[in-house]
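Taking it in order: structure first as structure tokens, then the write-up.
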Amino acid sequence: MKKILLCTFAVLALTALAKNGLLASEDPDSNKYHITSIRWIESTKNNLDDDDRYVVIIGKVTGKVGDESYTFNDGTGTIVLDSADFKLPIGKPIVVRGRIDQDFFGNSVTGEGLEVDVRSWRND
């Protein structure tokens, strides 16, 4: 009987932790992200099927453009990161999780029509 009570208590405790987000991923969309390269992101230009796709890219911020935009290079190409919510470190390797954003009229800062909206980042 004690084993049944102990197991029941353990299941209830784990269920409560999961509901409170302590065991679940911090980002409910984390399974949507896919590791890719800037070369692949650039190949999606003008393809509406790939717009708004969630990506993970690994590389370095090479400079700042305007108030919220950065240039980012992963060795396969360079792209603009729109980082309204984060200040990114320039010159250090980082991992960026973001969403492809295609602006068919071009970005007002860079003139480019393709960028990645930064959702989160961390040091590599």
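Every heavy atom of this structure was used, including side-chain atoms; hydrogens, water molecules and symmetry mates were not. Everything numeric here is computed off the predicted structure, so don't read it as measured data. For this chain, numbers begin at 1 and follow the sequence in order.
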Residue pairs involving residues 83-96 (criterion side chain to side chain donor-acceptor pair (under 3.5 Å); sequence neighbours excluded): none

Applying side-chain contact (heavy atoms from CB on, under 4.5 Å) to Asp117 and not counting sequence neighbours gives Asp82, Arg99, Asp101, Glu115

Mind checking what makes side-chain contact (heavy atoms from CB on, under 4.5 Å) contact with Thr76, not counting sequence neighbours? Ser37, Ile38, Arg39, Asp74

Side chains of [X] and [Y]: does their closest heavy-atom pair fall under 4.5 Å?
{"X": "Leu114", "Y": "Ile79", "value": "yes"}
{"X": "Phe72", "Y": "Val116", "value": "no"}
{"X": "Asn73", "Y": "Lys60", "value": "no"}

Would you kindly say whether Thr78 and Thr71 are connected by a side-chain donor-acceptor distance under 3.5 Å? no

Does Ser69 reach the main-chain N or O of Gly66 with its side chain, forming a donor-acceptor pair under 3.5 Å? no

So, for [X] and [Y], which heavy atoms are closest and what is the spacing to 0.1 Å?
{"X": "Val61", "Y": "Pro89", "value": "CB-O, 3.4 Å"}
{"X": "Tyr70", "Y": "Leu88", "value": "OH-N, 3.3 Å"}
{"X": "Val55", "Y": "Tyr33", "value": "O-CD2, 3.4 Å"}
{"X": "Tyr54", "Y": "Arg119", "value": "CE2-NE, 4.3 Å"}

Trace of the side chain to side chain contact (heavy atoms under 4.5 Å, CB included) decision for Arg53 with Thr44: CA-CA 10 Å; Arg53 185 174 289 207; Thr44 69; over 6 Å; no

Can Thr36 and Val56 be said to form a side chain to side chain contact (heavy atoms under 4.5 Å, CB included), step by step? CA-CA 6 Å; Thr36 191; Val56 176; over 6 Å; no

After noting the C-alpha distance and the side-chain angles of Val80 and Val65, does the key distance pass the side chain to side chain contact (heavy atoms under 4.5 Å, CB included) rule? CA-CA 8 Å; Val80 173; Val65 184; 5.8 Å; no

To the nearest 0.5 Å, how far apart are CZ in Arg97 and CD1 in Ile58? 12.0 Å

